There are 2 protein chains.
Amino acid sequence: MNDEQTLVPPTERGGTLHNEILPQLRAFVVEGNVPDGGRIPERELCEMLGVSRTPLREALKVLASEGLIELLPNRGARVKALSAVEIAELFDLMAGLEALAGRLACEKMTAEQFDRIEELHRSMYLHYLRGDRPGYFSDNQEIHSALFAAADNQPLFETARSLQDRLRRVRYAANLGENGERWKEAVREHELLLDALRRRASGDAAEILFNHLRRTKAAVIAYDSGN
Amino acid sequence: MNDEQTLVPPTERGGTLHNEILPQLRAFVVEGNVPDGGRIPERELCEMLGVSRTPLREALKVLASEGLIELLPNRGARVKALSAVEIAELFDLMAGLEALAGRLACEKMTAEQFDRIEELHRSMYLHYLRGDRPGYFSDNQEIHSALFAAADNQPLFETARSLQDRLRRVRYAANLGENGERWKEAVREHELLLDALRRRASGDAAEILFNHLRRTKAAVIAYDSGN
DNA sequence: GTAGCAAAAAATGAATTCAAATAACCTTCA
DNA sequence: TGAAGGTTATTTGAATTCATTTTTTGCTAC
């Protein structure tokens with residue numbers, strides 16, 4: 001029935017069709033190709049991914065369990081629109097996870113991993129001085145990624161990735177809306193973090209990261225409500 | 001084809017078959033009805049739940065994404081057996097989540113919620129004095145549940161529940177194996193926690209809970225490796 | 001012109017069907 | 001007796017089919 005070529009070469013298959021399309025579908029949603037609360041007809045997705053409805057629906061169930069989409073009985077899938085309360089809750093959770101990552105990183109990271117974070121920090125600071133927000137944002141993301149990598153905890157990493165996916169859209173919006181004062185404050189917080197990491201002060205790192213995310217949350221809420 | 005009655009009355013349907021069987025299937029796995037690494041033939045589960053393979057497989061995919069089971073391509077589902085490293089990682093994550101719950105509870109809990117926790121604490125202490133481990137364990141679980149409820153954060157609650165499911169088996173084993181010294185220590189930690197909650201000292205509560213879970217982890221690892 | 005209802009069209013939920021891969025079994029030969 | 005190979009049976013992966021629900025469309029009545 002399906003003569004079209006799949007977009008993914010058959011060489012790099014992930015075992016099952018379901019495992020193949022899940023990352024693609026997740027990326028499609030996270031990337032923001034569908035408006036908030038927008039409906040996603042199964043038929044279109046099937047054609048897009050070149051699979052039948054069975055594996056597609058399995059993937060949708062997984063995305064729903066991750067909180068990325070909503071599955072209303074008999075009424076299809078919608079991308080989950082986040083209320084202000086939900087955004088706040090997700091940020092608090094993210095703050096807790098970052099705090100944990102900071103703690104574990106202090107305990108477990110290698111000298112090389114610290115050096116890498118320090119280097120990223122310097123690069124990010126330069127972007128800040130130049131007023132280069134995209135560059136700053138990119139380095140910032142990488143620092144947090146490096147932190148989770150240094151924490152060396154797979155379940156933590158997975159949980160954080162999932163949360164990150166759910167927050168990506170609003171997070172990006174927040175970055176754009178970030179005002180100069182908050183930006184300056186964020187840079188200062190990053191300096192404190194680097195110092196705590198250097199001293200392997202796990203409690204301090206946790207506290208700094210928690211409050212850092214808390215303030216980011218406040219900035220996002222302020223920006224988001226002023227829509 | 002299927003004339004048998006479903007075990008669940010049709011009155012309390014969850015909209016779709018998938019939503020109906022997912023909790024049942026999860027309970028079945030968590031309860032420990034299948035040995036570690038044991039295979040789960042789809043056919044049997046279908047008969048047990050009274051559904052066809054389609055909704056069952058959707059549910060299995062979700063359980064796999066929750067980390068409760070493993071889905072090997074063309075080789076079916078197995079309950080995920082946890083290595084010592086994985087157990088340690090899950091406990092560290094749980095410690096971070098409990099710490100967060102403590103923090104948020106300090107910020108948000110009502111007087112009634114605190115009173116309830118205090119009451120549970122008293123009950124638990126009595127069980128401790130009597131040497132009633134099951135009673136202690138039960139109250140202990142309820143205290144932690146009450147803590148997460150007081151934290152009032154849905155994503156946190158969900159994440160913790162999922163983790164709890166993954167750890168339930170080993171956690172129960174740990175409780176049985178817990179020695180007297182560790183038990184005494186745990187009770188002391190709970191007293192400190194209650195005090196921190198009373199003072200609404202979020203940082204203290206977080207620190208106490210984190211270390212509490214860390215020590216539980218150590219006890220579990222010690223017990224588990226001595227199998 | 002609009003509100004309400006009916007019928008048709010479309011989309012979803014789930015069982016069945018078909019194909020491919022794995023596992024079990026049985027024969028054969030050393 | 002035991003191992004190797006091939007054949008059958010079982011199990012899984014995925015497409016198709018069928019039934020049910022929702023949504024849309026169009027008609028009628030007011």
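Here is how names work: the chains are called A, B, and so on, in the same order as the sequence lines, proteins then strands, and each is numbered from 1. Just so it is clear, the model here is predicted, and its values are computed rather than measured.
Comparing the local axis fitted to the first five base pairs of the helix from C:dG1-D:dC30 to C:dA30-D:dT1 with the one fitted to its last five gives a bend of 0°, rounded to 10°.
With rounding to whole Å, A:Glu47 atom CD is found 14 Å from C:dA10 atom C1'. Note: CG (B:Leu17) to C1' (D:dA19) measures 13 Å, nearest angstrom. Residue B:Glu42 contributes atom CD, which lies 13 Å from atom P of C:dA15 at whole-angstrom precision. As a whole-Å value, the separation of B:Leu72 CG from C:dT22 P is 11 Å. Atom CD in B:Glu44 sits about 14 Å away from atom P in D:dT10, given to the nearest Å. Separating the CZ atom of A:Arg78 from the P atom of D:dT22 is a distance of 13 Å, rounded to the nearest angstrom. Remark: P of C:dG13 and CG of B:Leu49 are 19 Å apart, rounded to the nearest angstrom. Between B:Arg43 atom CZ and D:dA9 atom P there is a gap of 16 Å when expressed in whole angstrom units.
Side chains of B:His127 and B:Asn140: no donor on one and acceptor on the other come within 3.5 Å. Defined by atom type and a distance below 3.5 Å, a donor-acceptor pair is present between the side-chain atoms of B:Asn19 and B:Thr16.
With sequence neighbours left out, A:Arg26 forms a salt bridge (charged side-chain N to carboxylate O under 4.0 Å, His left out) with A:Glu66.
The base of C:dA14 is not paired with the side chain of B:Ser52 by any donor and acceptor separated by under 3.5 Å. For A:Arg53 and C:dG13, a side-chain-to-base donor-acceptor distance below 3.5 Å is present, hydrogens and geometry of angles not being considered.
Between B:Arg75 and the phosphate of C:dA23, there is a side-chain N or O to OP1/OP2 separation shorter than 4.0 Å.
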Between side-chain atoms of residues 37-46 of chain A and protein atoms elsewhere (two or more places apart, or another chain), which donor-acceptor pairs fall under 3.5 Å?
{"residue": "A:Glu42", "atom": "OE1", "partner": "A:Arg53", "partner atom": "NE", "Å": "2.7"}
{"residue": "A:Glu42", "atom": "OE1", "partner": "A:Arg53", "partner atom": "NH2", "Å": "3.2"}
{"residue": "A:Glu42", "atom": "OE2", "partner": "A:Arg57", "partner atom": "NE", "Å": "3.2"}
{"residue": "A:Arg43", "atom": "NH1", "partner": "A:Glu47", "partner atom": "OE2", "Å": "3.0"}

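Taking the nucleotide of DNA chain D with the nearest heavy atom to each of B:Thr54 and B:Ala77, the more 5' of the two is matched to B:Ala77.
Residue B:Thr16 places its side chain closer to C:dG13 than to any other of C:dA11, D:dA14, C:dG13.
We find that A:Glu98 and A:Arg103 are not joined by a salt bridge, their nearest charged nitrogen and carboxylate oxygen being 4.0 Å or further apart. A salt bridge links B:Lys80 with B:Glu86: the distance from a Lys NZ or Arg NE/NH1/NH2 to an Asp or Glu carboxylate oxygen falls below 4.0 Å.
You'll find the side chain of A:Leu49 stays beyond 4.5 Å of the side chain of A:Glu20, heavy atoms only.
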